[in-house]
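Written out below as structure tokens is the structure these notes cover.
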Amino acid sequence: VVVDGSVVVATEERPIVTYGGGATSRSLSTGLPPNLALFQDVLLSATQSAEKDGLKQAGSGQYMVDGSRETHFFKGSGCAETTAMPNAWARIDFGRVVPMATVRIWTRTDDDKPGLGPIEMYAGNIKETWRDNLLCAKNVRLDREKQPSTTGCIAL
């Protein structure tokens with residue numbers, strides 16, 4: 001899974017970075033960059049690891065926010081993936097409260113699964129009990145034939 005345009009925070013400690021093809025030096029009317037997720041901290045419920053043709057790959061959460069739109073697990077920079085488990089999750093920490101309206105997600109395209117979902121998206125600053133945050137989208141299906149999946153998420 002790759003996230004773009006939904007979640008990067010510029011602070012004195014973490015300045016905005018211009019990255020080829022991903023983020024740009026443009027900013028939103030809020031003064032924030034268009035891809036709020038770029039290079040933010042990510043935590044996954046569990047990280048998928050696999051091997052193909054002698055190549056070992058781990059689906060690190062950092063692939064969700066690295067600016068690449070690569071959707072092949074074993075090609076290029078790879079993509080983030082959790083292990084198959086009930087209630088698997090991924091959390092992006094923006095470092096502070098930021099406004100967001102749209103979430104764009106690219107899902108893995110190099111397997112025979114039709115996509116991912118349905119999933120729920122929460123926004124808020126409660127880390128320990130994430131379900132106590134605002135539910136901003138539910139029953140979202142990520143279709144590998146239609147990339148990216150774009151979902152509205154109005155949260156402050």
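Hydrogens, waters and symmetry mates play no part in the numbers below; they use all other heavy atoms, side chains included.
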| Least distance between heavy atoms, Ala46 atom then Met85 atom | CB-SD, 3.9 Å

Can you give the donor-acceptor pairs under 3.5 Å from side chains of residues 48-56 to other protein atoms, not counting sequence neighbours?
none

| field | pair Met121-Lys138: side-chain heavy atoms closer than 4.5 Å | value | no

| Ile119 side, atom CD1; Ser149 side, atom OG - distance, nearest 0.5 Å | 8.0 Å

| message | Once salt bridge (Lys or Arg N to Asp or Glu O under 4.0 Å) is applied, do any residues pair with Asp143, and if so which ones, sequence neighbours excluded? | response | none

| request: Determine the minimum heavy-atom distance between Ala88 and Thr83, stating which atoms define it. | output: CB-O, 4.2 Å

| Heavy-atom distance under 4.5 Å between the side chains of Thr71 and Asp110, does that happen here? | no

| Spatial distance of atom CD (Glu81) from atom OG1 (Thr47) [nearest 0.5 Å] | 10.0 Å

| said: Could you report the tightest heavy-atom contact between Gly61 and Leu44, atom names first, then the distance? | reply: N-CD1, 3.6 Å

| field | By side chain to side chain contact (heavy atoms under 4.5 Å, CB included) - contacts of Gln62 (at least two apart) | value | Val42, Ser60, Val65

| remark: Heavy atoms of Gln147 and Ile105 approach each other most closely as OE1-O, 4.0 Å

| said: Quick one, Thr102 and Thr150 - any side-chain contact, counting heavy atoms below 4.5 Å? | reply: yes

| task | Kindly say whether Gly117 contributes a backbone atom to a donor-acceptor pair with the side chain of Arg141 at under 3.5 angstrom? | result | yes

| field | Heavy-atom donor-acceptor pair, Asn133 side chain to Ile126 backbone, under 3.5 Å | value | yes

| task | Check step by step if salt bridge (Lys or Arg N to Asp or Glu O under 4.0 Å) holds for Asp93 and Arg91. | result | CA-CA 6 Å; Asp93 185 347; Arg91 183 183 81 214; 5.1 Å; no

| said: I want to check something: taking the side chain as every heavy atom from C-beta on, are Met64 and Ile92 in contact at a cut-off of under 4.5 Å? | reply: yes

| task | Calculate, to the nearest 0.5 Å, the distance between atoms CG and CD belonging to Asn87 and Glu120 respectively. | result | 9.0 Å

| task | To the nearest 0.5 angstrom, please state how far the OH atom of Tyr122 sits from the CG atom of Asp132. | result | 9.5 Å

| message | For a 4.5 angstrom cut-off between non-hydrogen side-chain atoms, does Leu43 reach Trp89? | response | yes

